[in-house]
There are 2 protein chains.
Amino acid sequence: MQLDERKMKILQAIVRNYLETGEPVGSRTISKYTDLNLSSATIRNEMADLEELGYILQPHTSAGRIPSDKGYRLYVDTMMREKENEVSRMQEMLLEKEEKMETLLKKVAKVLAANTNYATMISAPVVRGNKLKFIQLSRVDARQLVAVVVIEGNIIKNTILNVEEEIDDETLLKLNILLNTNLNGLAIDQINLAMITMLKQQAGIHSQIISDVIDAVADAIRSDEDLEIYTSGANNIFKYPELSDQQKASDIINTFEEKELLAALAADNLESEQSQEIQVYIGDESKVASMKDCSVVTATYELGEGMRGTIGIVGPKRMDYEKVVDTLKNLKEQLDTLYKIT
Amino acid sequence: MQLDERKMKILQAIVRNYLETGEPVGSRTISKYTDLNLSSATIRNEMADLEELGYILQPHTSAGRIPSDKGYRLYVDTMMREKENEVSRMQEMLLEKEEKMETLLKKVAKVLAANTNYATMISAPVVRGNKLKFIQLSRVDARQLVAVVVIEGNIIKNTILNVEEEIDDETLLKLNILLNTNLNGLAIDQINLAMITMLKQQAGIHSQIISDVIDAVADAIRSDEDLEIYTSGANNIFKYPELSDQQKASDIINTFEEKELLAALAADNLESEQSQEIQVYIGDESKVASMKDCSVVTATYELGEGMRGTIGIVGPKRMDYEKVVDTLKNLKEQLDTLYKIT
DNA sequence: ATTTAGCACTCGATTAGGGTGAGTGCTAAC
DNA sequence: GTTAGCACTCACCCTAATCGAGTGCTAAAT
């Protein structure tokens with residue numbers, strides 16, 4: 001059986017109503033809610049059909065219906081109205097090109113959570129494909145070096161390394177030249193074991209120390225391969241009774257605190273083909289077990305020079321998809337342009 | 001009325017029992033629990049006295065007694081047995097001098113939370129009094145400089161700065177010399193406005209750019225004045241019914257997520273005179289409103305060279321103080337020695 | 001062939017009442 | 001000062017009763 005227009009309208013009404021109230025919605029309500037002018041009995045018949053088709057379900061026999069995941073999915077895919085051109089409430093955020101990206105992202109997560117009343121996460125842009133711009137080894141102390149690496153997008157990495165014996169100025173200079181000529185302009189993910197071995201060989205006679213230095217520099221460059229995640233508003237879930245249950249709340253909070261699972265989610269998202277679009281994961285669709293009762297809406301942003309990250313909003317399945325998608329679109333655009341101007 | 005020895009013993013028994021069970025404890029239980037060989041009636045009389053003195057209270061008329069904050073305080077101050085020399089369960093932690101302090105602290109917070117079943121926080125050591133070891137400005141691009149500052153304790157700070165016009169090698173060298181001769185060896189908190197103005201004057205003719213550079217470097221040095229806080233196991237609070245209440249849980253989780261309040265707590269703690277000791281804050285004593293139903297146990301650790309930070313354990317008032325204090329003492333010692341050896 | 005009115009039915013939620021038991025405070029005896 | 005005894009309190013649990021929103025089905029109306 002295919003969904004005719006009336007069934008669509010009814011399903012849409014059920015979803016809308018449930019999003020607002022959070023309570024199962026009955027046939028009488030729909031009968032009055034829509035402009036279909038049908039009696040509750042007719043609606044009941046249609047609802048029975050919709051249930052059989054798996055779009056809605058009854059929490060218990062004598063209750064109204066609530067949308068199933070399949071129902072939400074259909075709603076999100078085909079029935080959601082776009083709030084085109086409506087001025088976004090996020091406008092007040094006033095993103096500035098702040099000095100530290102970390103600060104900026106934390107702020108975004110926070111404002112987003114405060115504006116939406118959902119939990120938010122945002123992954124720092126991943127730098128894998130970016131190129132090295134600058135490497136420098138300097139002596140701090142007699143036996144201490146500091147290595148500074150600057151990557152496209154002005155990401156700075158550094159590491160302190162202690163050496164057994166002193167390294168003289170000449171060696172230091174040689175090392176600097178060696179590192180720069182060989183690594184400059186390379187992408188991060190090109191710095192693999194083979195590359196490092198090659199470097200070590202070129203360094204030649206310079207024994208163990210050199211080898212250590214190169215290793216340390218390589219390590220510093222490749223550090224943070226796992227996504228850095230910033231979160232905010234995890235406690236917003238307590239605003240939704242269906243998530244405030246002891247066990248569920250604990251699980252969700254834990255997911256937000258540990259962050260590994262969120263990182264996986266973000267990584268998945270970045271690799272997905274449609275990641276240019278806003279994505280909606282309903283219930284189990286997100287593959288994170290603790291979110292089986294949540295919906296996750298994600299967007300991919302780009303901070304120029306190919307550095308992409310993921311923004312995610314986590315809330316109950318009955319989240320206000322229209323508002324969330326709209327807000328995310330807006331935010332994504334702001335972030336995308338933020339670093340493009342300069 | 002002063003507490004005689006018998007009242008002390010009874011109070012102690014009440015606290016011990018309550019810590020274990022989490023249930024109000026009645027006179028009959030105490031009568032059997034202790035070696036005082038007193039009937040429940042006698043205990044009842046004594047308990048009435050203890051209640052009048054404010055050490056215990058009744059949740060409701062026909063229930064047993066639970067310790068009041070004052071009762072807990074007396075217990076912690078005078079009655080707690082030290083688990084001297086018992087092998088600490090934290091031994092498995094195997095702290096290593098990991099490359100990154102951030103990683104180390106996150107790990108400590110995590111392991112501590114997993115071991116104690118309470119929520120944990122740890123503040124990164126504050127560097128205010130530490131001295132600058134090394135400053136270097138380098139050119140990355142034609143119009144881009146990177147400033148790297150190394151501080152005692154091997155803390156590295158850096159910043160990228162964009163300049164309007166190119167700075168030639170000679171100017172760069174001069175700037176480097178200027179910065180190093182003037183700032184090296186100074187403590188962070190000595191780099192104030194007067195200092196910076198003085199520097200700018202010394203730079204003399206070199207116009208706006210130089211001034212900008214100096215400002216940026218000064219900013220980088222003084223960044224992170226607010227304490228960095230790492231937390232773990234916030235969801236452990238769900239293991240204690242008295243904290244799992246919707247409102248309380250939300251408040252506590254929020255405190256752990258926002259971190260500002262925790263930072264304030266850590267800062268308070270660092271400035272307190274007795275901060276060398278393990279500190280116990282019961283209920284309102286901690287001044288963080290959301291923790292009025294919790295106890296907070298803190299320790300100050302020192303990572304050599306005067307860098308001190310705070311570790312905190314947050315749990316219900318009926319937390320296992322003995323175990324927690326013991327564990328913290330142990331951990332504190334491990335951290336204190338960790339960086340001393342080298 | 002749809003739609004609708006009517007009605008019996010279901011079942012979660014709420015309320016009320018009764019019993020239980022842990023624990024108390026008080027009194028009188030030891 | 002201590003203890004046995006006893007009446008009393010009150011949270012907690014269980015059960016039954018009631019309520020009401022909402023359903024599914026049937027039969028009549030369109």
Side-chain angles (χ1 to χ4, degrees), chain A residues 1-11 13-15 17-18 20-68 71 241-242 244-245, chain B residues 1-11 13-15 17-18 20-68 71 241-242 244-245:
Chain A
M1 185 171 2
Q2 191 50 331
L3 287 195
D4 55 28
E5 190 173 348
R6 198 171 70 178
K7 282 195 175 58
M8 293 281 267
K9 273 198 166 177
I10 291 171
L11 176 56
I14 293 172
V15 175
N17 205 290
Y18 186 67
E20 271 179 34
T21 65
E23 306 258 290
V25 9
S27 53
R28 241 179 86 78
T29 315
I30 300 298
S31 155
K32 285 182 293 183
Y33 191 91
T34 58
D35 50 355
L36 289 169
N37 278 12
L38 292 173
S39 78
S40 61
T42 312
I43 304 289
R44 275 204 289 285
N45 288 329
E46 294 290 49
M47 278 164 81
D49 288 349
L50 282 170
E51 180 161 9
E52 203 177 340
L53 291 167
Y55 291 103
I56 55 180
L57 39 85
Q58 268 182 306
H60 55 86
T61 320
S62 68
R65 308 303 215 287
I66 63 175
S68 67
E242 63 266 49
S244 315
D245 157 51
Chain B
M1 184 172 0
Q2 193 47 333
L3 286 195
D4 56 28
E5 190 173 348
R6 197 170 70 178
K7 282 196 174 57
M8 293 281 267
K9 273 198 167 178
I10 290 170
L11 177 56
I14 292 172
V15 175
N17 205 289
Y18 186 67
E20 270 179 35
T21 65
E23 307 258 290
V25 11
S27 53
R28 237 178 89 78
T29 315
I30 300 299
S31 153
K32 286 182 292 182
Y33 191 91
T34 58
D35 49 356
L36 288 168
N37 277 12
L38 292 173
S39 78
S40 62
T42 312
I43 304 288
R44 276 203 289 283
N45 288 329
E46 295 289 51
M47 278 164 79
D49 289 349
L50 282 170
E51 180 161 9
E52 204 177 341
L53 292 167
Y55 290 104
I56 55 180
L57 39 84
Q58 267 182 304
H60 56 85
T61 320
S62 68
R65 307 303 214 287
I66 64 175
S68 67
E242 63 266 49
S244 314
D245 157 51

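Excluded from the calculations below are hydrogen atoms, water molecules and symmetry mates; all remaining heavy atoms, backbone and side chain alike, are included. Each chain gets a letter, A, B and so on, in the order its sequence line appears, and its residues count up from 1.
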Please report the distance, rounded to the nearest Å, between [atom1] in [X] and [atom2] in [N].
X: A:Asn45; N: C:dG6; atom1: CG; atom2: C1'; answer: 14 Å
X: A:Asn17; N: D:dG22; atom1: CG; atom2: C1'; answer: 14 Å
X: A:Glu51; N: D:dG22; atom1: CD; atom2: C1'; answer: 12 Å
X: A:Leu50; N: D:dG24; atom1: CG; atom2: P; answer: 12 Å
X: A:Ile30; N: D:dA21; atom1: CD1; atom2: P; answer: 16 Å
X: A:Met47; N: D:dG22; atom1: CE; atom2: P; answer: 9 Å
X: A:Glu23; N: C:dG12; atom1: CD; atom2: P; answer: 16 Å
X: A:Ile14; N: D:dG22; atom1: CD1; atom2: P; answer: 12 Å

Stretch residues 54-61 of chain B: residues that reach within less than 4.0 Å of DNA chain D through a heavy atom: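 Only B:His60, B:Thr61 qualify.
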Members of residues 32-43 of chain B that approach DNA chain D, where some heavy atom sits under 4.0 Å away: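 Contacting residues: B:Asn37, B:Leu38, B:Ser39, B:Ala41, B:Thr42.
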Residue whose nearest DNA chain D nucleotide is more 5′ - B:Arg44 or B:Arg6: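 The answer here is B:Arg6.
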Pair A:Ile10-A:Leu36, side chain to side chain contact (heavy atoms under 4.5 Å, CB included): steps then yes or no: CA-CA 9 Å; A:Ile10 291 171; A:Leu36 289 169; 4.0 Å; yes
Tell me if a side-chain donor or acceptor on [X] pairs with a main-chain N or O of [Y] at a distance below 3.5 Å.
X: B:Ser27; Y: B:Ile43; answer: no
X: B:Thr34; Y: B:Ile30; answer: yes
X: B:Thr21; Y: B:Asn17; answer: yes
X: A:Glu46; Y: A:Lys7; answer: no
X: A:Ser68; Y: A:Leu57; answer: no
X: B:Ser40; Y: B:Ser31; answer: no

Nearest-nucleotide pick for A:Ser62, side chain only, options being C:dT10, C:dT24, D:dT23: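 Side chain of A:Ser62 sits closest to C:dT10.
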Distance test, side-chain N/O of B:Arg65 to OP1/OP2 of C:dT24, below 4.0 Å: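 Yes, B:Arg65 has a side-chain N/O under 4.0 Å of OP1/OP2 on C:dT24.
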Rounded distance [0.5 Å steps], CZ in B:Arg6 versus CG in B:Leu11: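 Nearest 0.5 Å value for the CZ-CG distance: 14.0 Å.
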Stepwise side chain to side chain contact (heavy atoms under 4.5 Å, CB included) check, B:Thr29 with B:Ile14: CA-CA 9 Å; B:Thr29 315; B:Ile14 292 172; over 6 Å; no
